[in-house]
Protein chains: 2
Amino acid sequence: MTLADVAAHAGVSRATASLVLRESPLVAEQTRQRVLASVEALGYVYNRGAASLRMRRTNTIGLVISGLANPFFADLTEGVEEELRPAGYVVLLANTFDDPAHQDMLIRSMMEHQIDGLLIVAAVDSDAGFVTPLRNNGVPHVMTTRRIRGVHASYVGPDDDAGARLATQHLLDHGARELAYFGGPEHGVARIDRVAAMAALLAENGLEPEPSWTVPSRVSSSEGYAMARKLLEHGPPPEAVICHSDAIAFGLMRALRDVGVEIGTGCRVIGYDDVEHAQAWSPSLTSVSVAARTMGRRAARMLMERIEAPGSSPEESLVLRPSLVVRESCGCRPSSAH
Amino acid sequence: MTLADVAAHAGVSRATASLVLRESPLVAEQTRQRVLASVEALGYVYNRGAASLRMRRTNTIGLVISGLANPFFADLTEGVEEELRPAGYVVLLANTFDDPAHQDMLIRSMMEHQIDGLLIVAAVDSDAGFVTPLRNNGVPHVMTTRRIRGVHASYVGPDDDAGARLATQHLLDHGARELAYFGGPEHGVARIDRVAAMAALLAENGLEPEPSWTVPSRVSSSEGYAMARKLLEHGPPPEAVICHSDAIAFGLMRALRDVGVEIGTGCRVIGYDDVEHAQAWSPSLTSVSVAARTMGRRAARMLMERIEAPGSSPEESLVLRPSLVVRESCGCRPSSAH
DNA sequence: CGGACGATTTAGATCGATCTAAAGGAGGCA
DNA sequence: TGCCTCCTTTAGATCGATCTAAATCGTCCG
């Protein structure tokens with residue numbers, strides 16, 4: 001069932017039938033109706049693959065992400081899809097599970113599928129070279145969420161400096177003096193930037209981060225729990241802790257509860273990402289919100305603009321300012337329910 | 001940069017170069033090396049789109065899902081990807097947000113992209129006709145997680161009858177007499193089946209579900225919270241509640257805490273899906289586990305088998321038996337930490 | 001020495017669309 | 001009538017791979 005069949009059925013040429021499908025104004029109304037009727041009658045399905053070959057454009061964009069199980073990335077993915085779909089693009093998805101070698105393979109696979117552009121949340125320990133195949137083949141690409149040292153590419157991500165300062169300032173306002181930054185991938189740019197921002201702001205107040213609790217970790221709730229339990233064996237927690245992610249914060253809070261520390265008074269906790277469960281937790285979790293869905297949409301939009309721009313557009317970088325969603329875990333009163 | 005260029009560079013024909021790429025044993029070792037060297041030298045990237053046109057196979061499968069923000073589906077998606085990727089398939093993703101009209105569009109879009117097969121978690125209120133385009137065009141497809149009344153198609157999903165019985169029996173064993181099934185889409189097959197199973201088991205014990213709390217809802221934490229708050233205004237909760245999802249259970253538990261009911265004693269709560277946060281909650285949530293990731297893998301495997309099977313294979317149905325993960329919210333002692 | 005045979009290689013058609021350049025047809029005007 | 005538009009339609013090339021059927025080559029055998 002091809003366009004040739006439709007054309008034959010309608011008594012026109014392939015070229016005309018093709019023009020009808022593409023809603024060209026060249027074709028006469030009467031012919032148009034006839035062709036459309038044939039399409040309907042034969043149950044013809046457009047073959048985008050064939051068209052792509054000729055047009056050198058697939059209307060497909062790749063999304064390479066470190067893992068959907070992380071709700072932050074699931075949200076981001078939804079945002080990407082929401083933005084691309086109405087523009088006629090379709091998303092090819094791939095999970096790297098934060099493995100750089102796997103990531104290289106996936107990028108290659110996407111290129112073989114002739115994606116029009118690539119969105120990528122780079123694996124934490126990515127080698128800076130992962131973008132070179134993209135650059136060499138002129139595949140438009142946008143990195144998001146994570147910045148990789150040494151990689152020059154367009155980027156959409158959160159302002160980690162601002163986020164860390166927001167949280168730190170709030171804790172200082174509560175009168176806390178001992179602050180720590182808990183968890184996160186050791187060499188990740190996000191952790192490094194946030195710790196630096198926190199330290200800078202503390203320094204302005206004659207303080208410094210509590211070293212024994214300012215330690216890296218993997219980004220999961222159970223990891224946060226295990227690490228917190230271990231640290232709690234050696235003494236009480238600091239007055240206030242900013243966690244690298246909400247998941248880690250949940251783990252920390254569980255550990256604190258185990259040893260009888262009251263959250264919000266005995267230890268003030270702030271999370272990062274503001275995932276859906278943050279408000280449902282008890283006590284509800286104060287968190288730095290970076291609006292994953294919005295970030296996905298913005299990154300997708302930037303990519304589309306770059307795809308549609310003629311020639312090569314200059315590298316650009318969009319930084320979104322996070323906000324602090326204040327709830328109970330930092331020691332503030334519960335706001336009106338819901 | 002095409003295969004013709006590679007062939008020219010290596011001094012062979014396109015046909016030979018093509019054979020090399022496909023690792024055909026026909027071509028002489030020496031020639032093979034030469035071609036491979038040219039591929040390397042020119043930085044050639046295989047054009048799968050062109051190959052697909054000829055081979056009538058894209059190595060792409062579609063995944064149409066109701067929403068990634070639901071961690072259950074995010075897990076399922078990871079499972080699907082894990083299974084398909086090593087087999088050389090790539091996933092085209094689409095979110096329906098449970099809108100049947102949107103779903104029809106997405107299925108059509110996937111067909112235009114010539115997917116080799118389709119995995120679908122149907123929108124709750126899907127019309128039974130959504131599979132007919134697939135059937136008419138001979139696109140292999142497998143439904144998962146949700147069963148739609150009137151749709152005949154291969155299916156991989158949980159045994160809702162067994163799941164509901166598991167939870168119900170556990171609560172009966174605790175001595176509870178007033179049981180309710182709380183939340184879930186009103187006309188969803190899952191809710192209907194589970195309520196029926198619960199009612200049947202209760203009937204064997206001379207009981208029946210508590211009607212005022214056995215009510216439908218949308219599947220979100222805030223929805224569960226709001227509904228529970230409203231019901232609590234009219235009186236105390238039943239002795240035990242099975243929730244349609246963990247998210248709803250979280251909402252319910254928050255509401256119970258608000259009014260001072262102790263979870264596990266004042267009201268026993270069981271969730272459904274066993275999402276990652278279930279164990280991290282406090283009290284930890286007893287939940288019926290249906291292993292979303294495994295289900296995704298099984299569904300993907302079934303689809304691949306159907307794609308690779310010559311001719312049309314008979315409709316098949318794989319039902320996975322859930323298990324009850326016992327934690328604290330049902331009133332059991334906390335098991336050893338972690 | 002001619003022919004058969006196995007091992008390699010290849011020319012040319014093909015998949016299903018789009019694009020280019022030109023053809024066909026109706027009407028207007030001198 | 002003949003010529004020039006303008007509006008529509010179309011034949012044939014093209015995208016980059018694979019497939020079919022046949023060509024080429026060296027060797028071995030009678």
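A, B, ... follow the sequence lines: proteins, then strands. Residue 1 opens every chain.
- Along DNA chain C, the nucleotide closest to B:G11 and the one closest to A:A17 are compared, and the more 5′ of them pairs with B:G11.
- Atom CZ in A:R22 sits roughly 17 Å away from atom P in C:dG16 (whole-Å rounding).
- Expressed to the nearest 0.5 Å, how far CG of A:L3 lies from OG1 of A:T16 amounts to 10.0 Å.
- The side chain of A:T16 contributes an N or O atom lying less than 4.0 Å from OP1 or OP2 of D:dT10.
- For the pair A:S52 and C:dA17, the criterion of a side-chain N or O lying under 4.0 Å from OP1 or OP2 is not met.
- In this structure, CE of A:M55 is placed 11 Å from C1' of C:dC19, rounded to the nearest angstrom.
- When the nucleotides D:dA17, D:dT8, D:dC19 are ranked by their closest atom to the side chain of B:A50, D:dA17 comes out on top.
- Judged by distance alone, the side chains of B:S126 and B:R146 never bring a donor and an acceptor atom under 3.5 Å apart.
- The closest donor-acceptor contact from the side chain of B:D116 to the backbone of B:N59 lies under 3.5 Å.
- Following rounding to the nearest Å, A:L19 (CG) and D:dT9 (C1') show an atom-to-atom distance of 9 Å.
- Nearest-nucleotide assignment on DNA chain D puts the 5′-proximal partner with A:P25, out of A:P25 and A:R14.
- If you measure from atom CZ of A:R32 to atom C1' of D:dC7, you get 17 Å, rounded to the nearest angstrom.
- Ranking D:dT9, D:dA17, C:dT9 by closeness to the A:A28 side chain, first place goes to D:dT9.
- Residue contacts for B:A51: at a heavy-atom cut-off of 4.0 Å it reaches the sugar-phosphate backbone alone, with no base atom in range.
- Distances shown here put a side-chain N or O of A:S13 below 4.0 Å from the OP1 or OP2 atom of D:dT10.
- Between B:T31 and A:A4, the residue anchored nearer the 5' end of DNA chain C, judged by the nucleotide with its closest heavy atom, is B:T31.
- In this structure, the CZ atom of A:R56 is 20 Å from the P atom of C:dG16, given to the nearest Å.
- Whole-Å rounding puts the B:L3 CG to C:dT14 P distance at 20 Å.
- Counting only N and O atoms by type, the side chains of A:Q114 and A:S52 include no donor and acceptor under 3.5 Å apart.
- In this structure, of C:dT10, D:dT10, D:dG16, it is D:dG16 that holds the atom nearest to the side chain of B:L53.
- In this structure, B:T2 does not reach the D:dC15 phosphate: none of its side-chain N or O atoms is under 4.0 Å from OP1 or OP2.
- Nucleotide C:dT8 holds its C1' atom 8 Å from the CG atom of B:L26, rounded to whole Å.
- Rounded to whole angstrom, the span from the CZ atom of A:R54 across to the C1' atom of C:dA17 amounts to 9 Å.
- Taking 4.0 Å as the cut-off between side-chain N and carboxylate O, A:E308 and A:R57 count as a salt-bridged pair.
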